[in-house]
**Q** 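First the structure, then my questions, so here it is.
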Amino acid sequence: MRRTERLFGIIQTLRTARRPVAGHLLAEQFEVSLRTLYRDMAELLAQRVPIRGEAGTGYVIDSEFDMPPLMLTVDELEAAALGAAWVAQRGDEALARGARDLVAKLSAAVPDHLRTAIIDPAIAPFPIRDGHQDGYDVSVVRAAIRDRRKLAIAYADVEGRATERVLWPIVIGYQDEVRLLAAHCELRGTFRHFRTDRMQRVERLDERIPEPFARLRSRWEAHQRQRRHECADERT
């Protein structure tokens, strides 16, 4: 790996890390010695990259720092193009439009020699066969998740039986042909997953979710781990 690529890699690692990253971990990741890593850090500081290092803690980067938009590799551009194409096929109308706009903006921003990776990428998702259509605007659900608001829905199970539910939405999971909303269900008093195409009515409520989102998501993730362990035990 060239030094320039390594420097950008270090910046990206620090930008995406949730906590300080120890120097020896960075050195291992980029397969260099600690002495080389220290020289890289000195070079980044000389270029006014706002990195702070604390003994015994690790390196952090100012959360306001952003890299120039054109500093992308071919692999990064192809990853963006693949993800955008997948979302354009499977996302709701607003999300699909956002994916197409993203590709257009990247095409206009990257240098000429990288534009092929966006306009004519070497990788692409296979078209979906018969995707299940939603009868409402799923962007309403996404907005409720962002705003930490409850949802009122009418939901039909696999046999068509409808129930009225109030949900604390957490995340929408995208599969090839269906979307699943993970949520805490007030009716059942626990976490459930709801196919978005079986939601017959969706209403965003003004009432806020009464639990910090980080704690709610953590409880849902623990619930998912428990379910996977139970399924594994049943198979043994």
Side-chain angles (χ1 to χ4, degrees), residues 1-84 86-87 95 98-99 102 105-106 109-111 114 117 142-149 168-174 182-184 191 208-230 232:
M1 177 184 293
R2 293 178 300 178
R3 191 186 189 200
T4 301
E5 294 177 349
R6 187 171 69 247
L7 293 177
F8 281 115
I10 291 171
I11 292 173
Q12 187 64 10
T13 297
L14 295 178
R15 288 177 70 232
T16 57
R18 295 186 177 183
R19 55 181 60 87
V21 183
H24 72 277
L25 295 178
L26 287 170
E28 291 175 5
Q29 178 178 341
F30 294 99
E31 299 179 347
V32 296
S33 66
L34 266 176
R35 179 175 297 179
T36 297
L37 177 74
Y38 295 150
R39 286 200 296 264
D40 289 345
M41 288 301 183
E43 175 63 24
L44 290 172
L45 289 171
Q47 296 180 19
R48 300 183 182 276
V49 178
I51 293 175
R52 300 190 307 275
E54 300 178 9
T57 301
Y59 292 99
V60 296
I61 193 168
D62 191 322
S63 60
E64 300 298 323
F65 177 75
D66 199 6
M67 290 190 298
L70 302 183
M71 298 304 180
L72 298 174
T73 67
V74 172
D75 288 339
E76 290 167 344
L77 288 171
E78 287 193 337
L82 176 63
W86 194 95
V87 171
L95 202 59
L102 171 63
K105 289 178 179 179
L106 284 174
V110 299
L114 292 176
R142 294 192 286 111
I145 295 173
R146 290 194 301 269
D147 297 338
R148 313 296 189 244
R149 293 297 192 274
W168 304 357
I170 301 170
V171 65
I172 301 175
Y174 284 72
H184 174 86
F191 296 103
R208 292 185 63 88
I209 295 172
E211 180 177 355
F213 185 76
R215 183 189 304 165
L216 178 65
R217 177 146 186 164
S218 179
R219 289 202 301 115
W220 168 69
E221 291 171 346
H223 180 265
Q224 290 299 99
R225 290 193 295 270
Q226 180 62 32
R227 287 189 60 188
R228 286 194 293 269
H229 291 157
E230 290 173 355

**Q** According to side chain to side chain donor-acceptor pair (under 3.5 Å), who are the partners of W220, at least two apart in sequence or on a separate chain?
**A** H193
**Q** Could you measure the distance from the CZ atom of R142 to the CD1 atom of I172? Nearest 0.5 Å is fine.
**A**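 Rounded to the nearest 0.5 Å, the CZ-CD1 separation comes out at 7.0 Å.
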**Q** Could you name each residue pair satisfying salt bridge (Lys or Arg N to Asp or Glu O under 4.0 Å) that touches residues 214-224, not counting sequence neighbours?
**A** E211-R219, R217-E221
**Q** In Å, rounded to the nearest 0.5 Å, how long is the span from CG of L45 to CD1 of I51?
**A** 6.0 Å
**Q** Only counting residues at least two apart or in another chain, list the ones meeting ring-ring contact (aromatic ring centres under 6.0 Å, His included) with H223.
**A**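 For H223 the ring-ring contact (aromatic ring centres under 6.0 Å, His included) partners, ignoring immediate neighbours, are F191.
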**Q** Which atom names give the shortest non-hydrogen contact between A117 and A81, and what distance separates them?
**A**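 Closest approach of A117 to A81, heavy atoms only: O-CB, 4.0 Å.
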**Q** Assess the residue pair Y174 and L95 against the criterion (side-chain contact (heavy atoms from CB on, under 4.5 Å)); give the C-alpha distance rounded to whole Å, side-chain angles, the decisive distance to 0.1 Å, and a yes or no.
**A** CA-CA 12 Å; Y174 284 72; L95 202 59; 3.4 Å; yes
**Q** Give a yes or no answer on whether the side chain of S218 reaches the backbone of A214 with a donor-acceptor pair at less than 3.5 Å.
**A** no
**Q** Please round to the nearest 0.5 Å and tell me the distance separating atom OG1 of T16 and atom CD1 of I61.
**A** 10.0 Å
**Q** Which pair of heavy atoms, one from A84 and one from A99, lies closest together, and at what distance?
**A**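 That closest heavy-atom pairing would be O-CB, 3.3 Å.
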**Q** Could you state the interatomic distance from CD (E230) to CZ (R227), rounded to the nearest 0.5 Å?
**A**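 Rounded to the nearest 0.5 Å, the CD-CZ separation comes out at 8.5 Å.
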**Q** Between P169 and F213, what is the shortest heavy-atom contact and its length?
**A** O-CE1, 4.0 Å
**Q** E28: which residues meet the side-chain contact (heavy atoms from CB on, under 4.5 Å) condition with it, sequence neighbours left out?
**A**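 For E28, the residues satisfying side-chain contact (heavy atoms from CB on, under 4.5 Å) (neighbours in sequence not counted) are H24, L25.
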**Q** Are the side chain of R148 and the backbone N or O of I145 linked by a donor-acceptor pair below 3.5 Å?
**A**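 Answer holds: yes.
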**Q** Under the side chain to side chain donor-acceptor pair (under 3.5 Å) definition, can you give me all pairs with a residue in residues 35-46, not counting sequence neighbours?
**A**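 The answer is R3-D40, R6-D40, S33-T36, T36-R39, E43-Q47.
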**Q** Do the side chains of T13 and I10 get nearer than 4.5 Å, heavy atoms only?
**A** no
**Q** How would you list, by chain and number, every residue that makes a side chain to side chain donor-acceptor pair (under 3.5 Å) with R149, sequence neighbours excluded?
**A** none
**Q** Under the side-chain contact (heavy atoms from CB on, under 4.5 Å) rule, what do L26 and M41 come out as? Steps first, then yes or no, please.
**A** CA-CA 11 Å; L26 287 170; M41 288 301 183; 3.4 Å; yes
**Q** For the atom pair CG (L37) and CD (Q29), what is the distance rounded to the nearest 0.5 Å?
**A** 10.0 Å
